[in-house]
Novice: 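Provided herewith is a single structure, encoded as structure tokens, for subsequent inquiry.
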Amino acid sequence: LLLLAIAAFGIFRILKSEGPSPVKQAVITESVRLSKNVFPLNNVNALSVKLAVRLLENKDLATSKKIFEEVLVTEPTNASILNNLAFIAGEEGNLEKAAEYLRTSIQVNPDCAECQNNLGNIFYRQGKAAAAKPLFERAASIDPNYFDPCLNLAVVFEEEGDWQKAFDWY
């Protein structure tokens, strides 16, 4: 495992010297990850949400957004619905609205690792790495098997020049 980590770190450094870091690209280009497993409170909403996720996967943002907003009326504390609306807002380029949805999602479910990481990604895209770092750390502590915040922390520490901490997170 240690050799694998060392090899991955070495490959990362080689790739970095030839251009932008592929890890940085992943953090920057994927601001919010879609929640595919949404658990609505009733069967009608369950069907609507399945349709909305499918539409979203097919890039039909407008229709998907409308369905999620309708479900949100009856389920205002559904963190997955809020996360998916944040995804849509991010895709539309409205990072402030995406952050607002994610803050609400974290208020209703502070243990949503995906929401913590996604808000961190929004902050990172806005050039606020210092604000993103605690969100990535929180996401990693909530779900140690969720790899995205670990990778994001590695990128932040690398940019800070803290190679040991970056290596620890890779």
Novice: Side chain to side chain contact (heavy atoms under 4.5 Å, CB included) for Asn152 and Asn117? Distances and angles first, verdict last.
Specialist: CA-CA 8 Å; Asn152 293 343; Asn117 184 67; 2.9 Å; yes
Novice: Using modelled atom types and a 3.5 Å cut-off, is there a donor and acceptor pairing between side-chain atoms of Gln116 and backbone atoms of Pro110?
Specialist: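 Indeed, once roles are kept as given, a pair shorter than 3.5 Å links the two residues.
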Novice: What I want to find out is whether Lys165 reaches Glu160 closely enough, with some N-O distance under 4.0 Å, to be called a salt bridge.
Specialist: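 Salt bridge flag = no for Glu160 with Lys165.
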Novice: Keeping Ser64 on the side-chain end and Leu61 on the backbone end, is there a donor-acceptor pair under 3.5 Å?
Specialist: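 A pair under 3.5 Å: no.
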Novice: What is the distance from atom CZ of Phe87 to atom CG of Leu56, rounded to the nearest 0.5 Å?
Specialist: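 Spacing of CZ (Phe87) from CG (Leu56) equals 5.0 Å.
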Novice: Please report the shortest heavy-atom distance between Ala89 and Ala98, naming the atom on each side.
Specialist: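 The pair with the smallest heavy-atom distance is CB-N, 3.6 Å.
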Novice: To the nearest 0.5 Å, how far apart are NZ in Lys128 and CZ in Phe123?
Specialist: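 One gets 6.0 Å once the value is rounded to the nearest 0.5 Å.
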Novice: Ignoring hydrogens, what is the shortest heavy-atom contact between Ser141 and Pro144? Give both atom names and the distance.
Specialist: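 For Ser141 versus Pro144, the nearest heavy atoms are O-CD, 4.1 Å.
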Novice: Side chain to side chain contact (heavy atoms under 4.5 Å, CB included) between Leu55 and Leu51: does it pass, once the steps are laid out?
Specialist: CA-CA 6 Å; Leu55 289 167; Leu51 174 61; 3.8 Å; yes
Novice: For the CG atom of Asn84 and the NZ atom of Lys65, what is their distance to the nearest 0.5 Å?
Specialist: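 It comes to 13.5 Å.
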Novice: In sequence, state the C-alpha distance, the side-chain angles, and the governing distance for Leu151 and Tyr170, and then conclude on side chain to side chain contact (heavy atoms under 4.5 Å, CB included).
Specialist: CA-CA 6 Å; Leu151 214 58; Tyr170 278 120; 4.0 Å; yes
Novice: Flag yes if Ile142 and Val108 sit in one hydrophobic cluster, no otherwise; membership is Ile, Leu, Val, Met, Phe, Trp, Tyr, and two members link when side-chain heavy atoms are under 4.5 Å apart.
Specialist: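 Result: no, two separate clusters.
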Novice: Does Tyr124 reach the side chain of Val155, with side-chain heavy atoms less than 4.5 Å apart?
Specialist: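 Yes, their side chains come closer than 4.5 Å.
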Novice: Which atom names give the shortest non-hydrogen contact between Asp143 and Ala113, and what distance separates them?
Specialist: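 Minimum heavy-atom separation between Asp143 and Ala113: CB-CB, 4.0 Å.
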Novice: Can you tell me how far the CG atom of Asp148 sits from the CD atom of Glu114, to the nearest 0.5 Å?
Specialist: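 Spacing of CG (Asp148) from CD (Glu114) equals 8.5 Å.
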Novice: Would you call Phe136 and Asn121 a side-chain contact if the rule is heavy atoms closer than 4.5 Å?
Specialist: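 They are in contact (side-chain heavy atoms under 4.5 Å apart), so the answer is yes.
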Novice: Nearest 0.5 Å, please: how far is CG in Asn109 from CG in Leu82?
Specialist: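 Output value for this atom pair is 10.0 Å.
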Novice: Minimum heavy-atom separation for Gly120 and Leu135, please, with both atom names.
Specialist: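 Reported closest heavy-atom pair: N-CD1, 3.7 Å.
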Novice: Please check: side-chain N/O of Thr63 versus main-chain N/O of Asp60, any donor-acceptor pairing under 3.5 Å?
Specialist: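 Looks like no, no N/O pair under 3.5 Å.
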Novice: Once rounded to the nearest 0.5 Å, what's the spacing between atom CD of Glu137 and atom SG of Cys150?
Specialist: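 These two atoms lie 10.5 Å from each other.
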Novice: Keeping the roles fixed (side chain from Arg54, backbone from Val49), state whether a donor-acceptor pair exists under 3.5 Å.
Specialist: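 No; judged by distance alone, with no hydrogens or angles, the pair does not exist.
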Novice: Take Glu69 and Val73 through the side chain to side chain contact (heavy atoms under 4.5 Å, CB included) test and state the conclusion after the steps.
Specialist: CA-CA 7 Å; Glu69 287 174 338; Val73 170; over 6 Å; no
Novice: Within 45° of the ring axis of Tyr101 and under 6.0 Å from its six-membered ring centre, is that where the NZ or CZ of Lys97 lies?
Specialist: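 Flagged: Lys97 positioned over aromatic ring of Tyr101.
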